[in-house]
Amino acid sequence: MRINYKINLALVLLAVVLAVACQTKNKNTQETKSDRPNVVIVYMDDLGYGDVSAYGSTTIQTPNIDKLAQGGILFTDGHATSSTCTPSRYGLLTGVYPWREKEARVLPGTAPLIISTGQITVPKVFKEKGYYTGIVGKWHLGLGSGNVDWNTHISPGPNELGFDFSHILAATQDRVPTVYIENGNVVGLDLNDPIEVSYSSNFEGQPTGLDNPELTTMKWEHGHNNSIVNGIPRIGFMKGGESAKWSDIAMADHFLAVAQDFVQTHKNEPFFLVYTMQQPHVPRTPHPRFEGATGMGPRGDAIAEADWCLGEFMKTLENEGVLENTLILFSSDNGPVINDGYYDDAIEKLGEHTPWGEFRGGKYSLFEAGTRVPFIAYWKGKITPAVSDALVCHVDFLASLAKLIGSESTTPDSEELLDVLLGKSTVGRESLVLEASTRTAFRMGEWALIPPYGGPALAKHVNIELGNAPEWQLYNLNDDVGQQTNVAKEHPEKLQELITAFEAIRGEDYTSFKKPELK
Ligand code: NG6
Ligand code: CA
């Protein structure tokens, strides 16, 4: 009897303890939800400022991007860190200026991972705070540590940099290997048909764009004449892996479905997702249902397709009940280019469209259109819609998003501008160092400074002004946003002030900079 009584008492006590524990847990989960909003970065490839109707395009309509812009903060002076892809993504993910890392340049598909696994990254900051983290889409930051065997587990890669989940294409749509890689494994690979990749020589008996133009359905204009996949000649040579090869026209749908599945699977925990679309990078291969959507050929139609993907993705956030608890940052990795190596009607059908907006230059350029890109922060119910002229940059995501989720992680290059991103302040950066293929330029307030550089003023084929000139260039963007008049001689003091500030940040020995680690 006495024993029974003791057991009963113990059971009652246990029940009380469990109930209290449960309540505390519920409370914690609730607190967690509002304290730790989801964050999604939607990142386009080569989308220009002037490609978006919210940014003034009257020739291409982007209703879904516009919805974010009109319901969020539209930044007019938002920048990528670089005017090409790899360095731009490096800056975004690490919070370190890409010109500090000499490997941060457009990489071949066989390049090793250029971010050290000890380095602080945005996904690591989220992971440390208990988030589930993922990347879906283009990667282009290298994989493995050299001589990757594509037929075994590929590491290190995104999963070693803080992403719990990754479903990526290794480099670019125009570079081999043309396969998807999920968490380090090639998707759909048949080991009886192993993948071989080389960027130096072809595999015996394999057709190429150079030797077999009759096998191509898209013609190369410059570069892009190595292995042919799906009728499209690529950069680099590849053999095998037939069952794993992607369908170019289905790529946008494919990444969208994976991104939607990510949200559906992880809607009940705080998540951080980087959704990097491949449009409108070459080869431009919109799904046939978007053919003719813009009258501008594949480049315009790929933008229409990307806009649709964004709309579908937003519907998923809404349907899964997480839209109001999700901050969305929308941007592009670099400025626009029309002819980037294929004959795809982009030049012929451009008409009145100005992908660079009112700015000078484009992809590869040190002029504003190289890095000034669409840049939008959207958070339903939390952000009051506004247009912000604050100077902001992707390199600031690290410190700003850390602040959002209660982390103190930061780097010397990343400025904490959370209030600016959320529209509570319009005081952005004082200055910013910009990069274009290892050259750098400088912004301070309304002033833009470009040091003297040799090399061609105009990039052949792509027909973009690179910003190279034998003398210092200084522009006042307040009255010369198109950088037409070099006022360096009229403003020697301003010129010197900018040079001094620029050199103080960039330093002499800038590549020896020690990359911050996650403590
Ligand atoms: C260039 C390619 C271009 C594009 C670019 C990278 C040639 C001639 N041109 O070398 O087509 O792939 O690299 O673009 O090969 S980025 O957006 O990933 O930086
Ligand atoms: Ca790009």
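Every number for a ligand or one of its atoms is a count from 1 in the order of the listing.
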* Asked: How are the rings of Phe126 and Phe272 set to each other: parallel, tilted or perpendicular (split at 30° and 60°)?
  -> parallel
Near Thr172 (heavy-atom distance under 4.0 Å), the atoms of ligand 1 are 18 (O)
Near Val106 (heavy-atom distance under 4.0 Å), the atoms of ligand 1 are 6 (C), 13 (O), 19 (O)
Side chains of Asn202 and Thr208: any donor to acceptor distance under 3.5 Å? no
Under 4.0 Å from one or more heavy atoms of His140, ligand 1 contributes atoms 18 (O)
Non-hydrogen atom of Lys363 closer than 4.0 Å to ligand 1: yes
Ranked by distance from atom 5 (C) of ligand 1, the top protein heavy atom is Tyr364 OH, 3.4 Å
By salt bridge (charged side-chain N to carboxylate O under 4.0 Å, His left out), Asp340 pairs with (sequence neighbours left out) Lys363
When the ring planes of Tyr49 and Phe359 are compared, do they come out parallel, tilted or perpendicular, using 30° and 60° as the limits?
perpendicular
For Arg234, the salt bridge (charged side-chain N to carboxylate O under 4.0 Å, His left out) test, sequence neighbours excluded, returns Asp248
Quick note on ligand 1: atoms under 4.0 Å from a heavy atom of His224 include exactly 7 (C), 9 (N), 11 (O), 15 (O)
- Query: Is there a donor-acceptor contact under 3.5 Å from the side chain of Glu415 to the main chain of Leu417?
  - Reply: no
To atom 1 (C) of ligand 1, the nearest of His222, Lys138, Arg175, Arg89 on a heavy-atom basis is Arg175
Under 4.0 Å from one or more heavy atoms of Asp174, ligand 1 contributes atoms 3 (C), 4 (C), 11 (O), 12 (O)
* Are Arg289 and Glu291 within salt-bridge range, i.e. N to O under 4.0 Å? -> no
Atoms of ligand 1 under 4.0 Å from any heavy atom of Asp45, numbered from 1 in the order shown, are 17 (O)
Quick one: are Met251 and Asp253 in side-chain contact, heavy atoms under 4.5 Å?
no
Quick note on ligand 1: atoms under 4.0 Å from a heavy atom of Val282 include exactly 11 (O)
Self-check item: N or O pair under 3.5 Å between His281 and ligand 1
Solution: yes
At a cut-off of 3.0 Å, protein N/O/S around the Ca ion (ligand 2) gives Asp45 OD1, Asp46 OD1, Asp333 OD1, Asp333 OD2, Asn334 OD1
heavy-atom search around atom 15 (O) of ligand 1 in the protein gives Ile235 CD1, 3.3 Å
of all protein heavy atoms, closest to atom 11 (O) of ligand 1 is Asp340 O, 2.8 Å
I'd like to know if Arg299 pairs up with Asp51 as an ion pair, taking the criterion as any Lys NZ or Arg NE/NH1/NH2 lying under 4.0 Å from an Asp or Glu carboxylate oxygen.
yes
Ion pair check, Arg360 and Glu465, cut-off under 4.0 Å: yes
For atom 16 (S) of ligand 1, the closest protein heavy atom turns out to be Cys85 CB, 3.1 Å
Worksheet item: For ligand 1, is Tyr342 a contact, meaning one of its heavy atoms is under 4.0 Å away?
Response: no
Residue set satisfying salt bridge (charged side-chain N to carboxylate O under 4.0 Å, His left out) with Glu312, at least two apart, ordered chain then number -> Lys315
Can you tell me if Glu221 and Asn339 form a side-chain donor-acceptor pair at under 3.5 Å?
yes
If we number the atoms of ligand 1 from 1 as shown, the ones under 4.0 Å from a heavy atom of Asn334 are 17 (O)
Are more than 12 heavy atoms, taken from residues, nucleotides or ligands other than Glu204, located less than 6.0 Å from that residue's CD atom? no
The residue among Thr84, Thr94, Asp333 that forms side chain to side chain donor-acceptor pair (under 3.5 Å) with Arg89 is Asp333
